[in-house]
Number of protein chains: 2
Amino acid sequence: MADDWRARKRVRTRRTIQEAALRLFLDHGYDQTTVAQIAEAAGVSHMTFFRYFPTKEDVVLDDDYDPMIEELIRARPATEPPVQRVQNAIAHGIALVYAADREAMLTRTRLLLSAPALRARMWENQAVTQQLLERALCGADDPARVPMATRVTAAACLAALTTAITTWAEEDGRAELPALIDEAFTALRTELR
Amino acid sequence: MADDWRARKRVRTRRTIQEAALRLFLDHGYDQTTVAQIAEAAGVSHMTFFRYFPTKEDVVLDDDYDPMIEELIRARPATEPPVQRVQNAIAHGIALVYAADREAMLTRTRLLLSAPALRARMWENQAVTQQLLERALCGADDPARVPMATRVTAAACLAALTTAITTWAEEDGRAELPALIDEAFTALRTELR
DNA sequence: GCTAACATGTTAGCGAATAACATCTTAGGG
DNA sequence: CCCTAAGATGTTATTCGCTAACATGTTAGC
């Protein structure tokens, strides 16, 4: 019936740790902040920290966009050409959260780009997202034998998306992310001959 | 006149460390090998190791392809469309070393893909290569204001190259890398609408 | 041969991450 | 209602990557 209490407390503790960590990272920098400091600020021991986040990087990298992306792509008609399909899916997804989360996204992205350790892990995560994209595009047929064309398409789409996000954060959000994403994907479809 | 002795010894020590490290990595795995073990196998102290390689990862990641790539791209006529230009440059460069280094490249790539820490750093390095590509493509004008189209093109080309290399290593070199690269770039130019 | 530059080793220490063990709390059956 | 099993947390110790400080030895050029 109810580990409801357990579950809720777990969620709360997790959020407490994450918020303490982000505040410290933003105030003093990622490398300058120690796990012990985060734990203390959150009122837990450093072991509890690692029970909730396997590594220091995960506090920042933890997001659940991947399932959302997969969902959005499958929702688009398979008749659209692949790149267009991915572009539409992402544009649609961004529209859902951008207005509400713009500032948080920008802050988080800037933080992500500020520390080499975080950037490295970010790319590593991208590789996972790419596999997801490949599966979504070729219809989840065989996990191993994805055709080269699909792999390249997925990689290129992700490259476009990342370029847009990076540009957005680098110029401190002066432009609007949806517009940049549109620009990047358009470039992908037109500029590549 | 001559720190020739110094310089030569430095090069030799560096190579000794690197060879010891690679052998240990291949025999026992990257994560299972300790810097202390590498140092001992190379007959130096762990401090000497870090004087030659800033991190454990650098022993594997150390390569000097970047300047070569830049050179090769600039050597191609600027009249070629960007993607074609990059493809030609890389195809040309690969042809120079592939026959001689095939096995070493394959081994190294497999190692690179085997450990998460190495993969992460590999992506991080790619970001540097991408900036280089951007400069080479837009003529090294302004370092900050690279147009979006160029950024996307550079990112997409690198994505294609990486896809080819990854595929090559994943199927244990059964296919030939130059053919895979050609296939990937062709997909980039045709499949993307 | 003497001195300055450089390469190396020794030791100590920090921080991330893991393991072993103890403690305390809540859940749920008897 | 109590008692036990499961789960969450804390304490301590240890490993490993990495840095700093200092000492030592070795080569180069006067």
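Just so it is clear: chains get the letters A, B, ... in the order the sequence lines come, proteins before strands, and each one is counted from 1.
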His46(A) (side chain) and dT9(D) (base): donor-acceptor pair under 3.5 Å: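 Per atom types, no contact qualifies.
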Assess whether a salt bridge exists between [X] and [Y], defined as any Lys/Arg side-chain N lying under 4.0 Å from an Asp/Glu carboxylate O.
X: Glu170(A); Y: Arg151(B); answer: yes
X: Arg74(A); Y: Glu70(A); answer: yes
X: Glu19(B); Y: Arg23(B); answer: no
X: Asp101(B); Y: Arg108(B); answer: no

Taking [atom1] from [X] and [atom2] from [N], how many angstroms apart are they, rounded to a whole number?
X: Asp31(B); N: dA16(C); atom1: CG; atom2: P; result: 19 Å
X: Arg8(A); N: dT26(C); atom1: CZ; atom2: P; result: 14 Å
X: Arg10(A); N: dT25(C); atom1: CZ; atom2: C1'; result: 15 Å
X: Met47(A); N: dG7(D); atom1: CE; atom2: C1'; result: 14 Å
X: Arg12(B); N: dA7(C); atom1: CZ; atom2: P; result: 14 Å
X: Glu40(B); N: dC16(D); atom1: CD; atom2: P; result: 13 Å
X: Arg121(B); N: dG17(D); atom1: CZ; atom2: P; result: 15 Å

Answer whether the closest heavy-atom distance between the side chains of Phe185(A) and Gln84(A) falls below 4.5 Å.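 The answer is no; the side chains never approach within 4.5 Å.
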Can you check whether Met148(A) reaches Thr186(B) side chain to side chain, under 4.5 Å on heavy atoms?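 Result no, sub-4.5 Å side-chain heavy-atom pair not found.
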Please determine if a side-chain N or O atom of Thr13(B) lies less than 4.0 Å away from the OP1 or OP2 oxygen of dT8(C).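 Yes, within the criterion.
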Distance to the ring centre below 6.0 angstrom and angle to the axis at most 45 degrees; does that hold for Lys56(A) and Tyr30(A)?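 Verdict for Tyr30(A): a cation-pi partner in Lys56(A).
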Nucleotide opposite dC30(D) in a Watson-Crick or G-U pair, distances under 3.5 Å: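 In the structure as shown, dC30(D) has dG1(C) as its Watson-Crick or wobble partner.
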Considering residues, nucleotides and ligands other than Gln18(B), do more than 12 of their heavy atoms fall under 6.0 Å from its CD?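 Yes, CD of Gln18(B) has more than 12 neighbouring heavy atoms, counting only those of other groups under 6.0 Å.
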For nucleotides 3-5 of chain C, list the nitrogen or oxygen atoms of the protein found under 3.5 Å from its nitrogen or oxygen atoms, one pair per line.
none

I need the residues from residues 48-57 of chain A with at least one non-hydrogen atom less than 4.0 Å from DNA chain D; give them sorted by number, or say none.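 Result for residues 48-57 of chain A: Thr48(A), Arg51(A), Tyr52(A), sorted by number.
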Select base, sugar-phosphate, or nothing to describe what Thr34(A) touches, counting heavy atoms under 4.0 Å on all strands.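 Sugar-phosphate contact only - Thr34(A) comes under 4.0 Å of backbone atoms but never of a base.
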With Glu71(B) via side-chain contact (heavy atoms from CB on, under 4.5 Å) - residues at least two apart: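 Once residues adjacent in sequence are excluded, Glu71(B) has no partner under the side-chain contact (heavy atoms from CB on, under 4.5 Å) criterion.
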